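One structure is given here, and the rest of the page talks about it.
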There are 2 protein chains.
Amino acid sequence: MDYKKTANLFKALADENRLQIMEILKDGEKCACKLLEALQISQPTLSHHMKILCDAELVSGRKEGKWMYYSISKAGIKNAKTYLKELKISEGK
Amino acid sequence: MDYKKTANLFKALADENRLQIMEILKDGEKCACKLLEALQISQPTLSHHMKILCDAELVSGRKEGKWMYYSISKAGIKNAKTYLKELKISEGK
DNA sequence: ACAACATATTGACAAATTTCGATATATCAA
DNA sequence: TTGATATATCGAAATTTGTCAATATGTTGT
């Protein structure tokens, strides 16, 4: 098990603003500008958070002209679920 | 949804030493002294990490004489799994 | 009561993270 | 090409987190 990678995955979910971003993206793909409207943070800060979420594969981004569209990505969520599942199976021994 | 509580839950999993602790506890209940042997950290640091894991309900502690026994707790894991499940169900809309 | 041991708490410091303003890059429209 | 707009990157300040040494608390055995 890769502690560093797993820690980074959970770090990505360990911030209130990023959780709120995930919450918004649950509704489907959104433009960065829409996310910026919804959150009380600056544009560079949003860009930073999106990079963290994308690096963790929790979100994927798509560029269309000058806009960036973000949506939830399965890979990161699957990794997190797999980790939690493995905690559970051996629990209680 | 309580962003602060959820962020704290994932924060608890967002540290390499705490992930290693969870890994050891997968094998079953362990004394704090056993954990201390396994990790390259000081006793106060271990105590601090155990508090964070307990607060997140990922681990529960039991005092027996002068020893503390820790084991994985279902509640926190269930909360994390529930959160991830809710991300998935509405994904792709 | 006292000494030895296990764990928790405190206080301080270093490292990591979040944040923003300023600036750079890229795209579109006139 | 020039100006407007969307996003990314840089650099610095503020906050949070991880860490340890010192100390406190609580338990056991003598």
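Protein chains get the first letters and strands the later ones, always in sequence-line order, with residue 1 at the start of each. Keep in mind that what you see is a predicted model, and the values were worked out from it rather than measured.
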B/Met50 atom CE is separated from D/dT19 atom C1', nearest whole Å, by 17 Å
Measuring from A/Leu87:CG to B/Lys74:NZ, what's the distance to the nearest 0.5 Å? 13.5 Å
Check residues 49-58 of chain A and write down every donor-acceptor pair under 3.5 Å in which the side-chain atom is one partner and the other belongs to a residue at least two apart or another chain.
unit_1	atom_1	unit_2	atom_2	d
A/His49	ND1	A/Arg18	NH1	3.0
A/Lys51	NZ	A/Asp55	OD2	3.2

Please examine the side chains of A/Met22 and A/Val59, heavy atoms only from C-beta on, and report whether any two atoms are closer than 4.5 Å. yes
Just to verify, what does A/Glu23 make a salt bridge (charged side-chain N to carboxylate O under 4.0 Å, His left out) with, not counting sequence neighbours? A/Lys26
Enumerate the residues from residues 6-14 of chain A whose closest heavy atom to DNA chain C is under 4.0 Å, giving them by residue number; use none for an empty result. A/Lys11
Nearest atoms (heavy-atom pairs only) where B/Leu39 meets B/Ile24: CD2-CD1, 4.5 Å
Reading DNA chain C 5' to 3', which nucleotide is the first, and which the last, to come under 4.0 Å of any heavy atom in chain B? C/dC5 to C/dT9
Look at the side chain of B/Ser47 and the backbone N and O of B/Gln43, then say whether any donor-acceptor pair between them is shorter than 3.5 Å. no
So B/Tyr83 and B/Phe10, would you call those rings parallel, tilted or perpendicular, with 30° and 60° as cut-offs? perpendicular
Is it true that, when you exclude A/Lys81 itself, more than 12 heavy atoms of the residues, nucleotides or ligands shown sit nearer than 6.0 Å to its NZ? yes
Does any part of the side chain of B/Thr82, heavy atoms only, come nearer than 4.5 Å to the side chain of B/Glu86, both counted from C-beta? yes
Residue whose nearest DNA chain C nucleotide is more 5′ - B/Lys34 or A/Gly65: B/Lys34
With rounding to the nearest 0.5 angstrom, report the CD to CG distance, A/Glu16 to A/Leu19. 7.5 Å
If I take atom NE2 in residue A/His48 and atom C1' in nucleotide D/dA8, what distance separates them, rounded to the nearest angstrom? 12 Å
By nearest-heavy-atom nucleotide on DNA chain D, the more 5' of A/Leu36 and B/Asn17 is A/Leu36
Quick check on A/Lys30: does its NZ atom have over 12 non-hydrogen neighbours (other residues, nucleotides or ligands) under 6.0 Å away? yes
Please classify the nucleic acid contact of A/Tyr69 as base, sugar-phosphate, or nothing, using heavy-atom distances under 4.0 Å. nothing
A/Met68 CE to D/dT5 C1', straight-line distance once rounded to whole Å: 16 Å
Each nucleotide in nucleotides 20-25 of chain D should get exactly one letter: B, S or -. Can you fill that in based on protein heavy atoms under 4.0 Å? BBB---
In this structure, NZ of B/Lys11 is separated from CG of A/Asp15 (nearest 0.5 Å) by 7.0 Å
Give me the residues of residues 52-64 of chain B where at least one heavy atom lies under 4.0 Å from an atom of DNA chain C, by number, or none. none
Would you kindly confirm whether A/Tyr3 and B/Ile21 end up in one hydrophobic cluster when ILVMFWY residues are joined by side chain heavy atoms under 4.5 Å apart? yes
